[in-house]
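Remarks on the structure that follows.
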Amino acid sequence: MAMKIGDEKFFERVDKGVNNTFMRNAVVSAQERMQGKRILATEELGNWEEWRKLGEEIRTHTLENLDYYLEQLSENVKKRGGHVFFASTKEEANEYISKVAKEKNAKKVVKSKSMVTEEIHLNSALEKAGCEVIETDLGEYILQLDDHDPPSHIVVPALHKNKEQIRDTFKEKRGYDKSEIPEELALFAREQLRQEFLSADLGITGCNFAVAESGSISLVTNEGNAGLVTALPKTQITVMGMERIVPTWEELDILVSLLCRSSVGQKLTSYITGLTGPKDEGDVDGPEEFHLVIVDNGRSNILGTEFQSALNCIRCAACVNVCPVYRHIGGHSYGSIYAGPIGAVLTPLLGGYEDYKELPYASSLCAACTDACPVKIPLHELLIKHRRKIVEDEKKSPFAEKLAMKGYQLAASSPSLYKAGTKSASSVMAPFTQDNSIHKGPGPMKPWTDVRDFPAPNKERFRDWYKKRNKGGE
């Protein structure tokens, strides 16, 4: 299954997240830091809502004309000597990339950070083809060394790791013998990765945005590793989700400005790189051969539906950084490499409700994600639409929930049953309130009562109080 990380059930993953004190503290700290920087960076513009509106218009226009822009992009890549492959499924994408690796007799592959390659499980496919795959983003490098631990955040993949854990991983896997001081850890990783860059046969990158008018791809980074991935190996492959495209450089400028401010609170990241095909004669560096793999993997099924705006996402993680649910359960609880509100919307669309029907309910519907989104995706509204489809169209709501709703429907439509129910509510619910030692609800109530008090119904009903008030002439 694409995107899937682990086989545990949703509430098993949630329990792990809720009980991981370090992870929760790290998420709280990161959310507050990133959110604070984002607010300052966006306020500097003075007209942030106008920027958001423009970003939404660009993304909506592009999706509504996606076939045109993809064709234009493909033709321009080919004109510059590049190769283009449209992959309908993750299997097709992995097969094509593995084939290129075999043709080039590639033994070592260096990769920059890429969510879509995580989505299609590219590393596993390349390893089966006999390649050693090296992640060069620092966070991804740490996770790869730590037994291929999956990312827990779209922008900060190793957010759930502390510096002591990173030190121990480096010590065990690479013979590191220094302290947990971040600067020393980063220097060690840089020295290790430099040798990998110099000996790599193949470079693979993701793609923040492709520019249709020139056949270029752009990368937005802070570490510079993507520059080395694209400059040193003789063959480069870029893997992009089919929606990650802009018409011209002018639109790219706007979306990159939105991305940098929304993700890490910077006007611009350290490196904004534009790459156009293989190197020309006289160029000092760059690949001799360039391949662009454009991945569908379920995206075309979202086009034209009520969920199409989810494809507007520019992977900034602003929604993740304000989400109160993510704050408490962490990224791995979502069971997908796409975590947070956008993950709760996008993952069921790409992976289906069978495995991900719980995700649309992992939300308080506070709409903080919608307010934070730089391209105005109505995330909380899309979560409600998912819930409706799960119940009405897919018929996948839990049996206990169906039974409870049937019971409520019956009771609410019968005055006598409703009256009896409200009279007995206080006694029936007493075992699950804070004044009782049981304090744990059954079935669907359990996740609530595990972490908070169940609200006890008042012993005196409103209608009884109102009746007494009128009798007393008050």
Side-chain angles (χ1 to χ4, degrees), residues 77 81-83 85 93-118 120-148 151 157-158 169-170 173-176 185-208 216-240 270-271 273-280 283-293 295:
V77 170
H83 306 269
F85 180 75
N94 288 334
E95 183 180 351
Y96 178 85
I97 296 167
S98 298
K99 180 182 176 184
V100 172
K102 289 178 180 177
E103 288 176 351
K104 299 301 174 183
N105 196 28
K107 301 302 181 185
K108 181 177 289 186
V109 178
V110 285
K111 283 179 71 253
S112 71
K113 182 173 178 290
S114 165
M115 295 301 290
V116 72
T117 61
E118 292 277 359
I120 65 175
H121 296 171
L122 176 61
N123 287 15
S124 297
L126 286 171
E127 287 166 0
K128 288 179 182 177
C131 298
E132 179 188 10
V133 184
I134 309 296
E135 294 287 354
T136 65
D137 173 85
L138 180 56
E140 294 282 0
Y141 178 67
I142 292 165
L143 296 180
Q144 185 180 41
L145 287 180
D146 195 11
D147 298 323
H148 300 278
T169 296
F170 283 0
K173 301 299 173 97
R174 287 290 184 269
Y176 179 71
L185 293 169
L187 177 60
F188 177 77
R190 187 180 299 120
E191 291 170 345
Q192 294 284 306
L193 287 169
R194 187 171 295 135
Q195 300 306 314
E196 308 291 5
F197 287 124
L198 293 171
S199 58
D201 305 301
L202 181 65
I204 297 179
T205 76
C207 174
N208 287 100
S216 307
I217 63 116
S218 68
L219 301 170
V220 181
T221 66
N222 263 323
E223 296 178 22
N225 59 307
L228 290 170
V229 168
T230 59
L232 298 180
K234 291 184 177 181
T235 304
Q236 180 200 338
I237 301 174
T238 290
V239 188
M240 64 171 275
S270 300
Y271 303 91
T273 308
L275 303 165
T276 308
K279 68 177 182 180
D280 291 325
D283 287 347
V284 175
D285 55 30
E288 296 175 2
E289 187 170 313
F290 173 74
H291 298 259
L292 177 63
V293 179
V295 178

Open item on the list: Taking the side chain as everything from C-beta on, heavy atoms only, tell me whether V110 gets closer than 4.5 Å to L232.
Closed with: no
Open item on the list: Contact between F197 and V229 at the side-chain level, heavy atoms closer than 4.5 Å - yes or no?
Closed with: yes
Task: Least distance between heavy atoms, L185 atom then F170 atom - done: O-CE2, 3.5 Å
Task: Nearest atoms (heavy-atom pairs only) where S98 meets A125 - done: OG-O, 3.8 Å
Task: Non-hydrogen side-chain atoms of S114 and I204 separated by less than 4.5 Å - done: no
Open item on the list: For L138, is there any backbone N or O sitting under 3.5 Å from a side-chain donor or acceptor partner on E223?
Closed with: yes
Open item on the list: Checking the side chain of D201 only, and the main-chain atoms of K107 only, is there a donor and an acceptor separated by less than 3.5 Å?
Closed with: yes
Open item on the list: Give me the atom names and distance for the closest heavy-atom approach of D283 to D280.
Closed with: OD2-N, 2.7 Å
Open item on the list: Nearest 0.5 angstrom please: L187 CG to Q192 CD, how far?
Closed with: 10.5 Å
Open item on the list: How about CD on E127, more than 12 heavy atoms from neighbouring residues, nucleotides or ligands closer than 6.0 Å, or not?
Closed with: yes
- [ ] In sequence, state the C-alpha distance, the side-chain angles, and the governing distance for L193 and N225, and then conclude on side chain to side chain contact (heavy atoms under 4.5 Å, CB included).
- [x] CA-CA 9 Å; L193 287 169; N225 59 307; over 6 Å; no
- [ ] Would you check if the side chain of N208 reaches a backbone N or O of V220 as a donor-acceptor pair within less than 3.5 Å?
- [x] yes
Task: Atom of A226, atom of T221 and distance for their closest heavy-atom approach - done: CB-CG2, 3.9 Å
TODO: State, with a plain yes or no, whether a side-chain heavy atom of N94 is found less than 4.5 Å away from one of K128.
DONE: no
Task: Pairwise distance NZ(K102) to NZ(K99) - rounded to 0.5 angstrom - done: 10.5 Å
TODO: Look up atom NE2 in H83 and atom CD1 in I237, then write down how far apart they are to the nearest 0.5 Å.
DONE: 10.5 Å
- [ ] Among H148, K113, Q144, K111, find the residue that satisfies the side-chain hydrogen bond (donor to acceptor under 3.5 Å, both in side chains) test when tested with E135.
- [x] K111
Open item on the list: Let me confirm one number: the CZ-OG1 distance from F290 to T276, rounded to the nearest 0.5 Å.
Closed with: 8.5 Å
Open item on the list: Looking only at side-chain N and O atoms, does S199 offer a donor or acceptor that is under 3.5 Å from a partner on K108?
Closed with: yes
- [ ] Please round to the nearest 0.5 Å and tell me the distance separating atom CG of L202 and atom CD of Q236.
- [x] 9.0 Å
Task: Where A93 and V293 come nearest, the two heavy atoms and their spacing - done: CB-CG1, 4.2 Å
Open item on the list: Tell me the closest heavy-atom pair linking V116 and V239, and the distance in Å.
Closed with: CG1-O, 3.4 Å
Open item on the list: Can you tell me how the ring of F85 sits relative to the ring of Y96, calling it parallel under 30°, perpendicular over 60° and tilted otherwise?
Closed with: parallel
Open item on the list: Side chains of S112 and T205 only: does a donor on one sit below 3.5 Å from an acceptor on the other?
Closed with: no
Open item on the list: Quick check on K173: does its NZ atom have over 12 non-hydrogen neighbours (other residues, nucleotides or ligands) under 6.0 Å away?
Closed with: yes
Task: Contact check, side chains of T235 and P287, non-hydrogen atoms, under 4.5 Å - done: no
Task: Interatomic spacing from CD in E288 to NZ in K279 - rounded to 0.5 Å - done: 5.5 Å
